[in-house]
Amino acid sequence: MMKLYHTELSGNCHKVRLMLSLLEIKHERVLVDLAGGEHKSADFLELNPLGQVPVLMDGDTLIRDSQAILVYLTRKYEREDWLPLEAESMAKVMQWLSFAANEINTSLFIARLHFRFGMDFDWERAQQKGKQVLQIIDDHLQGRNWLEQDRATIADIACYPYVGLAPEGKVALEPYPNIIAWIDRIKQLPSYEAMPGL
C-alpha cells in the first residue's frame, strides 16, 4: 500500500491528499511532526534529504515534491483525464505545475508562512506579488471553468491550495470572482477532501 508522509496544514501535502482522494487510491498516511523537528531527523532525511513533506512511498519507489507526486499518480494509474498525453495539452498543464512551484510558492505561500506560522519573511513583497499572481489566474479563468482543458486536471490541483489559502496570508480573494467560482467548482468534485482553511 502507498504511504504518504505529510502534515495537516501544508498546502503542498493537501494537493497530494486531494489527488489520492479524487483518484480513490487506498493509502496509509504518516503524520510528520514539523514543529518537533521530525522532518530534520536522520530517519526522515533518508526519505527526503531536503527535509520536506510531502513524500510518497510506493513499494520501492520514493517520490518527493507535490508536483512530481501528482504526475506520478496520474501516470501510474493512466489517468489521461487528469494529465493529458497529447503534447500541447500536456505542456499547458505542466506550465501550471511550474507556476505553482514558482510564482505561487514565492508569493501566496510566503505570505501565509508569515501570518499563519509567524515566520520572518518580506510579507509585504509576498502579498504584492500574490495579488499579481491572483490577477493572472483570474484573467485566465475568464470564460472558462478550469485552468486547462474542459475539466479539472492536475493543473487545478497544483494551484488550488495556496490560492484558496490566500486569506491566511492576508490577501483577499474578493477582487477575483473567477477564482472564487473556480474554488467552488473544485470543492464540488466527487471525493473532494478539505483541509483546515479550505
Side-chain angles (χ1 to χ4, degrees), residues 5-19 31-40 44 48-55 64-70 92-148 152-187 193-198:
Y5 294 84
H6 75 116
T7 186
E8 290 292 342
L9 296 180
S10 163
N12 285 321
C13 291
H14 182 249
K15 297 173 191 183
V16 178
R17 291 194 305 265
L18 179 55
M19 195 77 249
L31 275 174
V32 178
D33 180 10
L34 299 190
E38 186 180 356
H39 59 303
K40 301 299 184 184
F44 188 82
N48 184 356
L50 297 174
Q52 298 171 348
V53 288
V55 175
R64 65 174 192 262
D65 182 81
S66 57
Q67 274 67 245
I69 295 171
L70 295 179
K92 287 184 174 181
V93 167
M94 297 303 288
Q95 284 178 152
W96 289 106
L97 271 65
S98 178
F99 190 84
N102 291 288
E103 283 75 15
I104 292 174
N105 201 55
T106 57
S107 61
L108 300 172
F109 172 76
I110 294 295
R112 179 175 181 257
L113 284 180
H114 175 78
F115 287 102
R116 182 73 167 79
F117 301 101
M119 295 187 182
D120 187 20
F121 288 108
D122 185 349
W123 59 270
E124 291 177 301
R125 182 177 179 189
Q127 284 181 329
Q128 188 58 41
K129 185 174 179 182
K131 292 173 184 176
Q132 294 170 351
V133 162
L134 292 174
Q135 192 62 61
I136 289 169
I137 298 172
D138 197 71
D139 289 346
H140 182 77
L141 286 168
Q142 181 67 41
R144 62 168 72 216
N145 289 333
W146 306 103
L147 291 176
E148 295 299 336
T153 67
I154 60 172
D156 302 282
I157 305 307
C159 293
Y160 164 65
Y162 288 117
V163 169
L165 292 166
E168 291 194 352
K170 308 292 186 190
V171 179
L173 289 175
E174 285 75 13
Y176 312 101
N178 296 322
I179 287 178
I180 291 173
W182 170 73
I183 288 171
D184 287 341
R185 282 190 288 274
I186 291 174
K187 289 180 177 179
E193 179 174 333
M195 72 166 278
L198 290 175

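Along the sequence shown, residues carry numbers from 1.
To the nearest 0.5 Å, atoms OG1 (Thr153) and CE (Met94) are separated by 10.5 Å. Here Lys15 contributes atom NZ and Leu97 contributes atom CG; the two are 7.5 Å apart, rounded to the nearest 0.5 Å. Atom OG1 of Thr106 sits about 2.5 Å away from atom NZ of Lys129, to the nearest 0.5 Å. With values rounded to the nearest 0.5 angstrom, Gln52 atom CD is found 8.5 Å from Arg64 atom CZ. Atom CG of Asp156 and atom CG of Leu70 lie 11.0 Å apart (nearest 0.5 Å). Distance check, rounded to the nearest 0.5 Å: CD1 of Ile104 to CH2 of Trp96 gives 7.5 Å.
Considering every non-hydrogen atom in both Leu134 and Ala166, the closest pair reads CD1-CB, 4.4 Å. The minimum heavy-atom distance between Pro175 and Ala172, with the atom names listed, is CD-O, 3.6 Å. Across all their heavy atoms, Leu165 and Pro196 have their closest contact at CD2-O, 3.9 Å. Residues Ala158 and Gln67 share a closest heavy-atom pair of CB-OE1, 3.8 Å. When all heavy atoms of Val171 and Gln127 are compared, the closest pair comes out as CG2-CG, 3.8 Å. Contact between Leu173 and Gly164 at its shortest, heavy atoms only, is CD1-O, 4.1 Å.
Side chains of Lys131 and Tyr176 form a contact here, defined as non-hydrogen atoms less than 4.5 Å apart. Counting heavy atoms from C-beta on, the side chains of Tyr5 and Leu31 never come closer than 4.5 Å. Residues Ile186 and Trp146 meet the side-chain proximity criterion, which asks for heavy atoms closer than 4.5 Å. Residues Leu147 and Ile137 form a side-chain contact, since some pair of their non-hydrogen atoms from C-beta on lies under 4.5 Å apart. The side-chain heavy atoms of His6 and Arg17, taken from C-beta on, include a pair separated by under 4.5 Å.
Between Gln142 and Asp138, the side chains place no donor N or O within less than 3.5 Å of an acceptor N or O (distance only, hydrogens not considered).
A donor-acceptor pair is defined here as one N or O able to donate and one able to accept, closer than 3.5 Å; such a pair exists between the side chain of Tyr162 and the backbone of Gly11. In this structure, Thr7 contributes its side chain and Ser10 its backbone to no donor-acceptor pair below 3.5 Å.
Under the salt bridge (Lys or Arg N to Asp or Glu O under 4.0 Å) criterion, no residue pair touches residues 174-185, with sequence neighbours excluded. Counting only residues at least two apart or in different chains, salt bridge (Lys or Arg N to Asp or Glu O under 4.0 Å) contacts with residues 111-126 comprise Arg112-Glu168, Arg116-Glu168.
Between Tyr160 and His14, the angle of the ring planes lies from 30° to 60°, which puts this pair in the tilted group.
Take Leu113 and apply the side-chain contact (heavy atoms from CB on, under 4.5 Å) test, not counting sequence neighbours, and it matches Phe109, Ile110, Phe117, Met119, Phe121.
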Next on the checklist: Determine whether Trp182 and Asn145 satisfy the following criterion, side chain to side chain donor-acceptor pair (under 3.5 Å), listing intermediate values before the conclusion.
Outcome noted: CA-CA 6 Å; Trp182 170 73; Asn145 289 333; over 6 Å; no
